[in-house]
Amino acid sequence: MTDAQILILMSTLSTGLILGAIFALVAAGVTIVYGCVWLPNASNGQFFLLASLAAWTFTASFGWTSLAAAAGVLILGTALSYLLEWILIRRLYDTPNRNVAYFVVTLGLTQIMTGIFSLTYAKWSDQFTLPPVIEGITMFGPFPMPNNRLLVMGVSLLVLVLLFVLLRYHPYGRALRAVFQNREAAALRGVNVRAIYRLSFVLGSVIIFLGGILFALAYSYDLTVAWTMSITAFAIMIIGGPGSVIGAVVVGMTFGFTQAIVSIFASPTAATFSYLGAMLLILLFRPSGLFKR
Amino acid sequence: MNIKLKTCASAIALAAAALCAAPAAAQSPRPIKIGFVTELTGPWTFFGTSCVAGLKFATDEINKAGGVLGRPLEFIVTDNQTKSDQALAASRNLDINDKVLALSGPTSSDVALAMYGYAEQQKIPFLVPVAAFPQLTKPGTRYTFRIEPDAAGWGYAMAKYIEQVRPGAKVALMHSDAALMRAIMAGFRYQAPRSKLNIVADIMFPQGSSDATVQAAQVRAATPDYVIVSGAGAFDNVITNQLLDLGIKPQQIIHPFGITTQVFGWGQRSVGSIYGTFFDVGLDSLTPDGKDFIARFDAANNRPPSYVENYCYVTPYIFKEAIEAAGTADDREKLRNAISALNTKERTSGVPIVFDKNGARKEYMYFQEIVSVNGKRNYQSKQRFYIEWDPEVIPVYDLVK
Amino acid sequence: MKLASDRALWIFAAAALALPIIADGNKFLAFVLGMTYISLLWATGMNLMYGFVGLMPLMFAGVAGIAGYAVVHLTREFGWSFWLAMPVATVMAALAGVALGLPSLRLKGFYFTLCSLVIQTVLTLAFIFFPTYTNGDTGINQIAPPDWFGGQLKGLGLELMIALFTVVGILLCAWIVRSPLGQRFVAIREDDILAEAIGIRVVRCKIIAFFIVSLYAGVGGCFYSVYIGFVSPRAFDVLVSMNIWLFVAFGGRGTIAGPIIGTAILAPIPFLLQELQAFKDILSGVLIIVVTLLMPGGIYGAWLARRRRTQKAMTDSARVQESRV
Amino acid sequence: MSVRLLEVSGLSKRFGGVVALKNVDGHSVAGETLGMIGPNGSGKTTFVNMVSGHIRPDSGTLGFAGIDIAGSTPHQLAEIGLCRTYQAVRVFSALPVRQNIDNARLLLSHRGLDSAELGELTEWLRLDTRLDVDAGSLTLFEQRRLELLMRLVLKPRLIMLDEPVGGLAVTEVTEMIQLLKELRARCSIFVIEHTMRVIRELADRVMVLIAGEKVADGPPADILRNKRVIDEYLGTRHA
């Protein structure tokens, strides 16, 4: 293989892994909330953006390091999700048809957050970049990989693994999956369903926040990323099967690699159309998605 | 049914109340009103708000110095939400209810094109500060005047620059799928073979792209001499950084256009790269007025102005000179003729302002090299190239529909 | 009861046709009125789908966009008359809408909404990506008004024509709703499994509904493009769909009067209160949440429910009095 | 000579790794009332769901009145006269009773169900005074009757009832059984029940499902004496 080929191969791998892991994280966050509480969060993209913007404010205005900013955003995000659950979300637990009601409410939330962002952050819209956590470059043959992006890649994959372990082996994870499968049966077995709802909403939101921070560390971004991320996360959830974390991970990674590979052979636009088209095809033949919850 | 009538009635009453409130504020001397419809919200907020910052500077100066024909100059700034129907409604409102003398303001091309239709139809002078779309001054245009050179021409200017610094160069293009970038690249693709340049890669990203590593690697594999990079919004930074990560030298990167905040975004690692501009702190030809404007803008906003703010700063002065030349502030046709006959210079840089019969300006462009970037506070640049051309040196209206 | 609502409908129709003439004195108000009528036509279509079939199609604006672009292309490139191009473009948009929507029509509730959202995104991307037909995100400007017996239909004439189409659209909707087809729609909205079990062809009905609704979107899209004189992808993005949905939900879904009330109140706001800037987004977001949580039936729905309660209370008390006598 | 109405053979279905039904055969004869019993999770509802076209079997054949109905949708089955009710009662609860009935008449409106017939049915099911009430505010028993009425206006040849007395009070159960006895004159019935009383009083023949397998098929009296049924189903219930 020539250097040029190795370069393209390695860049495909790195893009697939980073983008795929971030997509997978956000989709996992959405799918945990959906799978458990049956609440499809349409404002996940705005949550994602909120995390990135908060991290930017912490670094650019307060002069914190990126690491401190990330920690700050996670704490803030946890508090915010609890607050949101307490003010708004819990009112929807017993609504009939709650997934539609909730989807619409979060669309409203999206509008509000869009408005707030465009009043506050839009005038700096092309300046959102976080300083790297670690400097330097590691060479993989002819392919130079910035250490910062290696870190982002490592952390996202690690979080995905932790999430998987949590859901599989931790008592909370088992309770969550019990609620996934059958709410009434879980309640009969003594699971506190409302507490699980709250926990999974917070867990899902925090994962989305984390995705936002990691994205901000790896890329420059602007306000349009919210919508792109929302749509991508939903598309992944639909293809992977709503409520299936493993589906979110597999499909998220596939999306990342599709972006990278299709854009080599066709164009980046074709890549975008291809996965949205794939979603429509999946719906036609397998409306419940590829993976069972 | 009754409810419907009531709500209609109350909506009309509401509107009427809003309209009646406006003339009450009128005093002597009556201000000269100009409608400034710009992007205060929506995706182009950044440009709209920057523009208003430049506009305010000049308006205050003019009014402190006694106004125009003894009357204060008033820009009624209205938000168009970066949406064409809102821009159209706002133009109509300003035209019919505020009876403005002229229209101005949009910084995004699609919104400007929507207003263009209205201005031409209603015969309202329409001065476009920062929209680079050639169709705004297509043949037959009478009331619209464009201050910024057209975007296809920027591509032409880049080709001319590369032709001069490295004849026969291999060039790669990476750009977002947005009207402005499409127009720039169309101009470049047209001129490249004529300037004996060789396009070795040409990659377009859909809106909403977030990664360009693979494309950067493809570009790197094509071993170009120069890479022209133009991403929409923050994606521009992503492409630039990923090219630099993969070992493309800053000296090989050319941005078709650069404004202050973008230069900050590219940062210290882009020192040596080139960007096109129409006004910059690093120009050789800054006038004393220009230096003064930069200093005062910097003091007020904590960063130097870029060409966006400069054009919006220049706009009130163009109106001032044209109204004074027309001798009246109440006749749209006379104002239109005065703007058309204008022969003046930008106060800040001395570049001539002359419009051709379609309202396009004799066009020009600077190419600056980044010398140093000091965080988000200021930067230095060095003028590398200046070019002037006739707008129709390339078939702009065929290249860009 | 039925007679009364019929009379109200006809009075509304007459008033709606007269209003442009009254508003013509101020061209700005006339323009806002014209835009409100186009929104009303769209809201009526959305209501048919959301209010009566119970599905929330967020690709509505995209379908309108297909018709809007098609009518411009047919009149400009092929020199067709607007009045020939409009039905062709509308049917094209409706067919495209059905073809795109087919995968999602088997889905229910939120899942359908979600898929329509993704389809809308694909359409917006496509509007940008195929500049041969759409001129990318620059849009197409200076679209000529419809031809009219050798001249052009513009100003008051065009506004009256839009009003006419809107009124006909509303009357048509009222008629559909009372027909057996409308009855099937309601059955599907209330319980589609039960509807299927009692012999209603749910998927076929949904496709028919979707086709009709796309016709509304298409006609509105055609008039939008000639009335504004400008089309661009942003004119047909998801926010437009959401706004139209909000008009319906705010006024009261599943009634004829609801969307009219909702549109009359909400549609003019962005034009009349332009200085509100981004507060408009926040306001509409708050409205969405409040309506969903507190007024699931919308304004008109809440009013109907209250009237029904008071009527019931009145008849109850009447009964009590009767029994005492 | 009795006509075979429903013909099922080799019906199997798995959900994930769980076998819901294994190779079940069965049939019903025109005019007969067929009962089906079995413990919770034995696959009764899965069986009905498959016959009524809600889920597809993994293997096996389904026939109704000589027509192959495998892969048919519920509305197609309704058209050829096979319909069902649901374990959890299903009516259009936000609509008045009259509207519920009208919805059910949509299918056969062209063939005409004359108003005298409809009036007779409504009176028989004692819903004639409740026509303007929203179906959601009816009592459960009334809703069950409405559900029955909505099927009967479809003029079915076989009606599948999924636990028709579930949730009813003891006196209501008696009334319901009486109604169902009268129903036998109108169409064939396939009834799934837990309540042995219903089966005993109504069914001409009973199928017993345990853990997805058919373990017995015969007259109620025989079934109630069948050792395996007593051991694995009735016995555990009475123990």
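Source: prediction; values computed, not measured. Side-chain atoms are counted along with the backbone in the values below, which use heavy atoms only and exclude waters and symmetry mates.
For the residue pair C:Ile200 and D:Leu106, the shortest heavy atom distance occurs at CD1-CD1, 4.0 Å. Annotation for D:Ala94 and C:Glu190: closest pair CB-OE1, 3.2 Å, computed over non-hydrogen atoms. Nearest heavy atom pair, residue D:Phe92 against residue C:Leu194, reads N-CD2, 3.7 Å. For D:Arg151 against C:Ala197, the heavy-atom pair with the smallest separation is NH2-CB, 4.3 Å.
Annotation for D:Arg186: atom CZ counts as buried by contact number, over 12 foreign heavy atoms lying within 6.0 Å.
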Practice item. Dump the intermediate steps for side-chain contact (heavy atoms from CB on, under 4.5 Å) on D:His54 and C:Ile193, then the final yes or no. Key: CA-CA 9 Å; D:His54 285 79; C:Ile193 293 181; 3.9 Å; yes
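Of residues 201-213 of chain C, those residues lying under 4.5 Å from chain D by any heavy-atom pair are C:Arg201.
Side-chain atoms of C:Gln183 come within 3.5 Å of backbone N or O of D:Asp102 as a donor-acceptor pair.
Separation of atoms CD1 (C:Ile198) and CD (D:Glu147) is listed at 11.0 Å; rounding is to 0.5 Å.
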